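These values consider heavy atoms only, across backbone and side chains, with no hydrogens, waters or symmetry-generated copies. The structure displayed is predicted, hence computed values, not measured ones.
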Amino acid sequence: MSTYFPKAGEIVRKWYVVDASGQVLGRLASQVARILMGKENPQYTPFLDTGDHVVVINAEKVKTTGMKSEQKAYHRYTGYFRKRFARKPELVIEDAVKRMLPKNKLGAHMFSKLKVYRGDKHPHQAQKPEAKALEARA
């Protein structure tokens with residue numbers, strides 16, 4: 001069996017909008033990472049970037065489970081989760097997604113297709129993004 005290589009013109013990137021309201025942080029991040037890597041596409045190839053663009057809105061409404069909001073500490077940052085989440089909730093989601101992507105140049109390129117916004121407004125209306133409903137498990 002031979003490996004499938006999508007041609008340059010076959011890779012068509014879609015834009016998705018994901019609402020983070022009421023979503024659990026880790027589950028949201030893993031599903032967004034799958035979309036960025038292209039694992040949702042039938043033309044997925046591990047060593048090519050076949051993923052789509054993702055816009056995450058309502059970053060301040062994401063929730064955590066257990067005692068993470070009181071106990072989780074970030075290394076290389078002077079503060080705990082609650083302090084960082086209150087200041088910049090976008091960075092909390094970006095860090096969670098970035099750590100689920102490959103740790104190489106390809107992963108950095110995949111991460112560049114992620115846009116996270118605090119509120120429900122975003123400047124990507126010209127790309128005509130589709131609303132993507134993620135599985136909400138608690």
Side-chain angles (χ1 to χ4, degrees):
M1 178 178 256
S2 62
T3 304
Y4 172 71
F5 289 95
K7 308 291 186 279
E10 290 180 16
I11 301 173
V12 178
R13 302 196 194 286
K14 295 181 182 176
W15 282 74
Y16 293 110
V17 173
V18 175
D19 189 6
S21 300
Q23 297 279 340
V24 178
L25 177 62
R27 294 182 190 277
L28 170 77
S30 65
Q31 291 176 4
V32 168
R34 283 183 60 86
I35 296 170
L36 291 172
M37 284 189 271
K39 288 192 170 187
E40 306 292 321
N41 295 338
Q43 60 190 12
Y44 171 70
T45 308
F47 51 86
L48 294 177
D49 184 14
T50 58
D52 298 320
H53 295 268
V54 179
V55 178
V56 179
I57 57 174
N58 293 322
E60 78 277 358
K61 295 180 183 174
V62 75
K63 63 181 182 178
T64 57
T65 58
M67 300 293 290
K68 289 185 200 77
S69 61
E70 288 84 23
Q71 295 176 347
K72 183 168 178 60
Y74 281 99
H75 302 287
R76 300 174 189 255
Y77 173 75
T78 57
Y80 288 92
F81 176 85
R82 182 173 283 181
K83 182 178 174 185
R84 187 172 194 192
F85 187 75
R87 192 168 151 257
K88 291 210 173 172
E90 306 92 11
L91 292 181
V92 172
I93 294 177
E94 286 178 3
D95 282 347
V97 172
K98 187 174 189 175
R99 292 171 183 164
M100 293 184 184
L101 293 174
K103 278 57 169 184
N104 52 25
K105 290 179 185 177
L106 183 61
H109 189 264
M110 292 173 182
F111 181 70
S112 69
K113 296 182 296 182
L114 174 68
K115 314 291 184 223
V116 183
Y117 298 100
R118 179 184 295 250
D120 59 350
K121 304 243 189 291
H122 62 87
H124 303 287
Q125 294 300 329
Q127 284 75 24
K128 299 182 180 128
E130 303 173 17
K132 180 85 169 179
L134 300 180
E135 300 170 12
R137 290 180 260 164

S.K.: What is the minimum heavy-atom distance between A29 and A96, and which atoms define it?
M.R.: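 Closest pair (atom of A29, atom of A96, distance): CB-CB, 3.7 Å.
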S.K.: To the nearest 0.5 Å, what is the distance between NZ (K98) and CG (L114)?
M.R.: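 K98 NZ to L114 CG: 10.5 Å, rounded to 0.5 Å.
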S.K.: Has K121 got more than 12 heavy atoms of other residues, nucleotides or ligands less than 6.0 Å from its NZ?
M.R.: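 No, not enclosed.
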S.K.: Starting from F81, can I reach V116 by hopping between I/L/V/M/F/W/Y residues whose side chains sit under 4.5 Å apart?
M.R.: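 Yes; tracing contacts between hydrophobic side chains, which count when under 4.5 Å, links both residues.
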S.K.: Of the non-hydrogen atoms in L101 and A33, which two are nearest, and what is the gap between them?
M.R.: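 Closest heavy-atom pair between L101 and A33: CD2-O, 3.9 Å.
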S.K.: Is any side-chain heavy atom of T45 less than 4.5 Å from a side-chain heavy atom of P6?
M.R.: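 In short, these two side chains touch, coming nearer than 4.5 Å.
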S.K.: Could you check if a side-chain atom of F85 sits within less than 4.5 angstrom of a side-chain atom of L25, using non-hydrogen atoms only?
M.R.: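 Side-chain contact under 4.5 Å: no.
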S.K.: Under 4.5 Å between any side-chain heavy atoms of Y16 and E40, yes or no?
M.R.: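 Not touching, per the 4.5 Å side-chain cut-off.
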S.K.: Quick check for you: to the nearest 0.5 Å, what is the distance between N58 atom CG and D19 atom CG?
M.R.: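 It is 4.5 Å, given to the nearest 0.5 Å.
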S.K.: Linking I/L/V/M/F/W/Y whenever their side-chain heavy atoms sit closer than 4.5 Å, directly or via other members, would V18 and I93 fall into one cluster?
M.R.: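 Yes, one cluster joins them.
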S.K.: Are V32 and L106 connected into the same hydrophobic cluster when the rule is that any two of I, L, V, M, F, W, Y join if their side-chain heavy atoms are below 4.5 Å apart?
M.R.: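 Per the 4.5 Å side-chain linkage, L106 and V32 are co-clustered.
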S.K.: Side-chain contact test, heavy atoms from C-beta onward, threshold under 4.5 Å: evaluate it for V17 versus E130 and give yes or no.
M.R.: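 Not in contact.
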S.K.: First locate atom CD of Q71, then atom OH of Y80, and finally report the distance between them rounded to the nearest 0.5 Å.
M.R.: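 Here the interatomic distance stands at 10.0 Å.
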S.K.: Enter the distance from R87:CZ to R84:CZ here, rounded to the nearest 0.5 Å.
M.R.: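 It comes to 8.0 Å.
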S.K.: Under a single-linkage definition using a 4.5 Å side-chain heavy-atom cutoff for Ile, Leu, Val, Met, Phe, Trp and Tyr, are L134 and Y117 assigned to the same hydrophobic cluster?
M.R.: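 No: no chain of side-chain contacts under 4.5 Å links L134 to Y117.
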S.K.: Is a salt bridge present between K132 and D52, judged by a nitrogen-to-oxygen distance below 4.0 Å?
M.R.: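 So K132 does not pair with D52 through a salt bridge.
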S.K.: Hydrophobic cluster membership, with links at side-chain heavy-atom distances under 4.5 Å among I/L/V/M/F/W/Y: are I57 and L28 in one?
M.R.: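 No, I57 and L28 fall in different hydrophobic clusters.
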S.K.: Say you draw a straight line from NE2 of H53 to NZ of K14; how long is it, rounded to the nearest 0.5 Å?
M.R.: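 Separation between the atoms: 13.0 Å.
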S.K.: State, with a plain yes or no, whether a side-chain heavy atom of F111 is found less than 4.5 Å away from one of E94.
M.R.: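 In contact.
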S.K.: Please report the shortest heavy-atom distance between R13 and G51, naming the atom on each side.
M.R.: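 For R13 and G51, the tightest heavy-atom pair comes out as NH1-O, 2.8 Å.
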S.K.: So, do D49 and K113 sit near enough that their side-chain heavy atoms are less than 4.5 Å apart?
M.R.: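 Contact flag for D49/K113 side chains = yes.
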S.K.: Taking everything shown except K115 itself, do over 12 heavy atoms lie less than 6.0 Å from its NZ?
M.R.: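 Atom NZ in K115 is packed in, count exceeds 12.
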S.K.: Does N104 use its side chain to pair, donor to acceptor, with the backbone of G107 at less than 3.5 Å?
M.R.: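 Side chain of N104 to backbone of G107: a pair is present.
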S.K.: Which value, rounded to the nearest 0.5 Å, describes the distance between Q43 atom CD and K7 atom NZ?
M.R.: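 Q43 CD to K7 NZ: 11.0 Å, rounded to 0.5 Å.
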S.K.: Are there more than 12 heavy atoms of other residues, nucleotides or ligands under 6.0 Å from atom NE2 of H124?
M.R.: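 Yes, the 6.0 Å shell around NE2 holds more than 12 heavy atoms from other groups.
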S.K.: Nearest heavy-atom pair of S21 and K61: which atoms, and what distance?
M.R.: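 S21 and K61 have their closest heavy atoms at OG-CD, 3.5 Å.
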